2 protein chains.
Amino acid sequence: MKRRERLRRVKLALAARRADALLVLSPENRRYLSGFPPLDVSLTESSGALLITRREQFLLTDPRYREEAKECAPLFEPVIYERGLFAKLKELAPLLGLKRLLFEELYLSVAGEKALRKALPEVEHLGVRGLVEGLREVKDDEEIGLLRKALEIAEEIMTRAESLIRPGVSEKEIAAEIIALSHRLAEGPSFPPIVASGVYAARPHAEPSEKELKPGEPVILDLGVRYQGYCSDITRTFCVGEPTPRFRKIYLLVLEAKRAAEKEIAAGVPARRADLAAREVFRRAGLEAHFWHSLGHGVGLAVHEAPALSRRQRRRLKAGHVVTVEPGLYFPDWGGVRLEDMVVVREGGFERLNRLGFLFEA
Amino acid sequence: MKRRERLRRVKLALAARRADALLVLSPENRRYLSGFPPLDVSLTESSGALLITRREQFLLTDPRYREEAKECAPLFEPVIYERGLFAKLKELAPLLGLKRLLFEELYLSVAGEKALRKALPEVEHLGVRGLVEGLREVKDDEEIGLLRKALEIAEEIMTRAESLIRPGVSEKEIAAEIIALSHRLAEGPSFPPIVASGVYAARPHAEPSEKELKPGEPVILDLGVRYQGYCSDITRTFCVGEPTPRFRKIYLLVLEAKRAAEKEIAAGVPARRADLAAREVFRRAGLEAHFWHSLGHGVGLAVHEAPALSRRQRRRLKAGHVVTVEPGLYFPDWGGVRLEDMVVVREGGFERLNRLGFLFEA
């Protein structure tokens with residue numbers, strides 16, 4: 001879907017909700033609709049907002065992003081604020097005749113809403129969620145191309161990181177190299193990479209530590225990059241030195257679960273089926289309790305987005321959804337194995353975006 | 001101030017506001033009070049919350065952080081939630097007899113507040129801000145030691161980055177090296193580093209680009225790391241190749257402004273005086289309009305925190321405040337120069353935390 005079509009759909013949603021405008025605060029939604037690339041530096045430091053009325057669209061940002069606003073968001077009129085977003089909205093609201101304003105309630109703080117209410121006391125404002133995220137769920141071919149490219153770079157980094165695995169190297173050293181490569185080859189990591197070895201591999205999101213790798217330990221590498229805003233996400237697990245029989249056994253079971261899950265992925269199938277299929281493989285091995293998280297999640301401009309592949313997800317998959325498939329087994333006294341690919345949901349099945357293989361084949 | 005004393009002060013604030021508990025959502029406040037280190041991956045993905053009642057304190061987090069919760073926050077009772085923070089609060093509220101709950105309004109989204117209201121319909125909840133941030137403003141000797149260490153590492157990285165400056169190298173390559181070193185030598189960057197050359201150096205927060213450095217251009221490097229949670233922030237400006245006369249002239253003027261500003265830094269002095277002193281140096285040179293931002297900001301567990309050193313800041317500095325001093329001059333057709341140090345406010349003056357010098361001396 002081209003940017004103009006995305007905007008048209010937002011405006012249809014405005015009309016349907018009898019609203020005059022939408023204030024877009026999510027960095028991913030901002031980029032999806034306008035092309036404006038900055039992320040937000042922290043929870044309390046926004047790079048700007050889009051104000052989309054039924055007729056026009058504005059990119060409101062501060063002087064730091066004056067040039068980016070002009071260059072990257074050609075469909076939007078740049079509006080630079082010196083004294084903050086809400087002061088600028090106060091100026092604009094009467095000029096635009098705003099009476100009923102929608103805002104993204106996941107991305108405005110309670111303090112922000114107080115400021116909005118104070119700046120626009122006459123304007124009714126309503127929190128919405130999922131309005132733009134809903135448009136983002138199904139990816140078109142151009143977006144799938146960017147996700148493929150982001151994954152290709154992540155696989156290159158995975159291969160280089162694998163070559164660093166040896167006894168004595170620390171988790172942090174490998175993570176630092178992954179991060180440096182992510183900045184050299186792409187726009188940076190799509191999330192802080194995980195390098196988790198030995199018992200730390202049983203903590204699904206452990207921070208890379210000073211711990212050094214030891215022979216026979218499992219090492220989970222979970223990484224991804226951003227490419228033109230689009231995120232990749234891949235996990236591989238390696239064994240330091242020669243794979244042990246226990247490692248091999250668990251690895252093959254996780255791979256079996258992954259393949260069982262993928263068989264359930266196709267347009268029209270409820271998203272929970274894939275999760276349940278992986279869980280069933282583990283259940284038969286008596287290890288269901290060692291799979292602690294959901295099977296996967298959507299990936300796009302955000303590294304985690306809809307749809308979730310979880311036991312509780314009743315929605316059906318659609319052609320063009322891009323999701324991760326990432327079963328894992330974790331043992332606090334030993335470590336864990338997780339294997340993660342990205343796949344596109346298609347009519348009648350799925351397309352794997354990865355090219356990288358596995359250590360063993362089932 | 002030890003963690004026990006910090007908690008005691010929070011509990012005094014609860015009593016003063018006749019509240020039963022405070023829900024702490026800011027990652028920096030979480031770490032300050034408990035020691036729990038995870039940051040939040042994104043606006044919508046929290047690593048947990050502290051619930052501090054008048055008698056007890058709990059660290060609520062998800063299973064990913066089970067081990068960190070136990071190991072890093074000894075004064076807090078870990079509570080692991082499988083179905084989200086609000087479902088767990090719903091269980092806890094009657095057990096703890098919560099009737100009036102404070103929450104951090106800068107760190108809870110409007111959607112989050114809706115969920116809170118739904119989970120705890122009987123509990124009055126009130127947004128607060130600055131309650132914990134106020135405690136964090138004045139740093140004790142241990143914190144200043146950590147900030148000094150974080151800055152020492154940043155200066156080491158600055159020196160190594162300077163050695164990469166030569167015609168033909170890209171901004172992104174230098175930024176990637178800064179980021180890699182930040183992860184190798186510390187807990188990572190405290191903010192995305194700025195490497196801005198030529199006309200890009202006139203954009204205060206430009207993203208590092210593919211642009212290659214050219215002889216005679218100014219290059220601004222603005223970087224910092226996190227060390228045990230504490231942030232450093234330093235800026236130096238270099239000239240590619242031999243410094244040009246224009247570069248030297250502007251550099252010396254910025255350095256003069258920096259020193260004029262520092263003379264106004266002491267406990268009891270209004271924070272705006274330092275900003276105005278720098279601005280006065282530029283005004284006398286007819287260049288005030290080329291200084292586009294405030295003089296500086298507090299630094300601690302957050303890279304930007306109170307107090308701001310700005311024209312509009314009427315508050316007085318206190319002994320133990322740690323602030324940046326970072327005047328700059330920017331020319332869209334040429335580039336810019338910014339120089340930034342970190343200083344501790346003391347009785348009767350200030351202490352510079354930096355050791356690194358400057359290219360020229362005024």
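Labels below follow one simple rule: chain letters A, B, ... track the order of the sequence lines, proteins then strands, and each chain is numbered from 1. Because the structure is a prediction, the values reported are computed rather than measured.
Atom OH in Y65(B) sits 7.0 Å away from atom CD in E207(A) (nearest 0.5 Å). Residue I179(A) holds its CD1 atom at 12.0 Å from CG of L181(B), rounded to the nearest 0.5 Å. Atoms CD and OH, on E67(A) and Y200(B) in that order, are 9.5 Å from each other to the nearest 0.5 Å.
Contact of E177(A) with chain B is made through backbone and side chain together, with heavy-atom distances under 4.5 Å. Of the atoms belonging to R129(A), it is side-chain heavy atoms, and not backbone ones, that fall under 4.5 Å from chain B. Contact of R66(A) with chain B is not made at all, since no heavy-atom distance falls under 4.5 Å.
Open room surrounds CZ on R83(A); 12 or fewer heavy atoms of other groups in view lie less than 6.0 Å from it.
Look at R184(A) and E173(B) and you find no salt bridge, because none of the NZ, NE, NH1 or NH2 atoms lies under 4.0 Å from a carboxylate O.
When E210(A), E187(A), K114(A) are compared by the number of non-hydrogen pairs under 4.5 Å with chain B, K114(A) comes out ahead. Per-residue counts of heavy-atom pairs under 4.5 Å with chain A were compared for G112(B), S182(B), A180(B); the largest is that of A180(B).
Annotation: side-chain contact (heavy atoms from CB on, under 4.5 Å) contacts of E133(B) (sequence neighbours excluded): N29(B), E104(B), Y107(B), R136(B).
The shortest heavy-atom contact between H183(B) and K172(A) is O-CE, 3.0 Å. S109(A) and V110(B) make their closest contact through O-CG2, 3.8 Å (heavy atoms, listed as atom of the first residue, atom of the second, distance).
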